[in-house]
Amino acid sequence: MAKIETPRPVRGTQDMLGETADRFTHVVETFERVRRLYGFRRVETPVIEPTAVFARSLGETTDVVSKEMYSFEDRGGDSITLRPEFTAGVCRAFLTEGWQQFAPLKLATHGPLFRYERPQKGRYRQFHQIDAEIIGAGEPGADVELLVFADQVLRELGVSDGVTLRLNTLGDGGTRIAWRSALIEYFSDHRADLSEDSQERLEKNPLRILDSKDPRDRPIADAAPDIDTYITDEARDFFGSVTEGLNVAGVQWVRDSRLVRGLDYYRHTAFEFVTDRLGAQGTVLGGGRYDGLMESLGGHPTPAVGWAAGIERLAMLIDCPAAPSVNAVLVPLGEAAELAAIGIIATLRHAGISADLAFKGNMKKRMQKANDLGARFAIIIGDDELAKGVASVKNLSTGAQDEVSLANLVSAVV
RNA sequence: GCGACCGUAGCUCAGUCGGUUAGAGCGCCGGUUUGUGGUACCGGAGGUCGCGGGUUCGGAUCCCGUCGGUCGCCCCA
């Protein structure tokens, strides 16, 4: 008989167990806790969307749309795409579910996203993000609220020390157009001195030359026209209000006038929380204002701001969370005790006490199991204990052991 | 799409100027101790050396190809 080959996991996906999974969970639980503090409502949207949701909103020419989407035709012939980001899907839901009636809306979500890319450190084909959006609020206070929230999430995760908030404004629509054409003109004059990559960027995405890593581009990019020259008074005031709010809230930030975001829909505030501890993937959390996005999905003009952060990247930065443990592990000895243990463990769990059962091997094995599970107490039940209606409760950190009547068991192992 | 490095036990890795039967630590199973974990000691199981071809008396080791992984470029969380 031919040997059956075990199928391999899909490239760029991960299976998590133990510390990796604990880290991941800790990030999600911290996010969930903090978003409640800020009154962000949990929202769930589909992992799959019509391809048009992303093709229209992200900008047809961005790499994400042109070559990184997981798209397929379903049995009905419709083009479906696994979401490569949250924002577009959340906006689609805002429009199709009539959530305008709840605006302004503070929303939070998290889950898997998919991008067809070469995997490397902190980059996966299936990756996960936490995400926050404020939809229907055009005031700079919304940007502040969102950024203070982001700052507290990072703070509570204990990663804020090595992480810097870099902040910029892309101005309003008019600003962006004027600045963009000034940049194109400037870079075209220096075309011959630019790297090959940046000469290509000049055609497709000139703003991206600003944050090029190529040393040949740096002097040219650093001397490029500044957005501040083209920014309208309104946009400047808007940015001023945002930074003022951050200062009052005690959020540290630095201006980075070279920071641009990859996706076309950003206006006004753009920001990234950046670290140098993740190799080539420095951005830990990024986002900005996307006032034009709703219209590109056929909705009324609706101002909105949002951010997203890679859970895997955060999980790599945080200190190792404490290993999970249980209050008590039952160690039954003999058939009668094993049956009785089923009832006892049910009572403990109903009382809110985490408990597990060591059901295999001799007593040594079972005690070992209790130890491996990180139990605070081992509850030993043999024929002697059963006859007396008690259990031997051993404190596994001190080694002390006492007989406790079954009726008092719950309070003995809290 | 491009480039570099790496594939040896369940895991982390040693072994490679080509040469008996491929090793260690951890983990797993059993024992010292048939009602007592964490530390210790003894024993055991577990390997197509990623796969295919080539050179050679002889390949885990050298060469070519291929698949997989990692990191970087592009792009991006």
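Within every chain, numbering begins at 1; the chains are lettered A, B, ... in the order of the sequence lines, protein sequences first and strands thereafter.
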Using a 4.0 Å heavy-atom cut-off across all strands, classify [X] as base, sugar-phosphate, or nothing.
| X | result |
| --- | --- |
| E272(A) | nothing |
| E196(A) | nothing |
| I380(A) | base |
| R366(A) | nothing |

Please write out the pairs of protein N or O atoms and N or O atoms of nucleotides 37-41 of chain B separated by less than 3.5 Å, giving the distance to one decimal.
from   : atom 1 : to      : atom 2 : distance (Å)
G37(B) : N7     : K394(A) : NZ     : 3.1
G37(B) : N1     : L396(A) : O      : 2.5
G37(B) : N2     : N371(A) : OD1    : 2.9
G37(B) : N2     : L396(A) : O      : 2.5
G37(B) : N3     : N371(A) : OD1    : 3.2
G38(B) : O4'    : N371(A) : ND2    : 3.2

Can a side-chain donor-acceptor contact be found between [Y] and [X] if the only test is distance below 3.5 angstrom?
| X | Y | answer |
| --- | --- | --- |
| R201(A) | S198(A) | yes |
| Y290(A) | E133(A) | yes |
| D172(A) | T175(A) | yes |
| N408(A) | S405(A) | yes |
| E272(A) | T283(A) | yes |
| W179(A) | D226(A) | no |
| R176(A) | H268(A) | no |

Could you tell me how far [M] sits from [N] if I compare only their [atom1] atoms? Round to whole Å.
| N | M | atom1 | answer |
| --- | --- | --- | --- |
| A60(B) | U48(B) | C1' | 12 Å |
| C6(B) | G46(B) | P | 32 Å |
| A9(B) | C5(B) | C1' | 24 Å |
| U21(B) | G3(B) | P | 41 Å |

**Q.** E200(A) CD - C75(B) P separation (whole Å)
**A.**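 The distance from CD of E200(A) to P of C75(B) comes to 9 Å, rounded to the nearest Å.
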Q: Name the orientation class of the two ring planes belonging to F271(A) and F273(A) (parallel below 30°, tilted from 30 to 60°, perpendicular beyond 60°).
A: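 Because their plane-to-plane angle is over 60°, the rings of F271(A) and F273(A) count as perpendicular.
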Q.
Tell me every residue that passes ring pair (Phe, Tyr, Trp, His ring centres under 6.0 Å) with F40(A), counting only those two or more places apart in sequence or in another chain.
A.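 Expected list: F149(A).
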Q: Write out all pairs satisfying side chain to side chain donor-acceptor pair (under 3.5 Å) with one or both partners inside residues 337-359 of chain A, taking only residues at least two apart or from two chains.
A: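 Side chain to side chain donor-acceptor pair (under 3.5 Å) check on residues 337-359 of chain A returns E338(A)-R366(A).
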Q) Does Q120(A) make a side-chain N or O approach to OP1 or OP2 of G72(B) shorter than 4.0 Å? A)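 Yes, such a contact exists.
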Q) Within less than 4.0 Å of OP1 or OP2 of G3(B), is there a side-chain N or O belonging to R118(A)? A)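 Looking at the OP1 and OP2 atoms of G3(B), neither is under 4.0 Å from any side-chain N or O of R118(A).
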Q) Which parts of residues 7-30 of chain A get close to RNA chain B, meaning a heavy atom less than 4.0 angstrom away? A)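 When residues 7-30 of chain A is checked for heavy atoms under 4.0 Å from RNA chain B, the hits, listed by number, are R11(A).
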Q) Which of residues 124-136 of chain A have a heavy atom under 4.0 Å from RNA chain B? A)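 Listed by number, they are Y124(A), F127(A), Q129(A).
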Q | Closest to the R208(A) side chain, choosing from C76(B), C75(B), G72(B) | A |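 Output: C76(B).
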Q. Which nucleotide in the list G31(B), C76(B), C71(B) gets nearest to the side chain of N362(A)?
A.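 Within the option list, the nearest is G31(B).
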So, [X] side chain and [Y] main chain: donor-acceptor pair closer than 3.5 Å or not?
| X | Y | result |
| --- | --- | --- |
| R258(A) | D222(A) | yes |
| R83(A) | E49(A) | no |
| T109(A) | D131(A) | no |
| D217(A) | A221(A) | no |

**Q.** All stems with RNA chain B, defined as three or more consecutive Watson-Crick or G-U pairs under 3.5 Å
**A.**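 Only these stems qualify: B:1-7 with B:67-73, B:10-13 with B:23-26, B:28-32 with B:40-44, B:50-54 with B:62-66.
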Q | Any N/O donor-acceptor pair, E117(A) side-chain to G1(B) base, under 3.5 Å | A |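 Answer no: no donor N or O sits under 3.5 Å from an acceptor.
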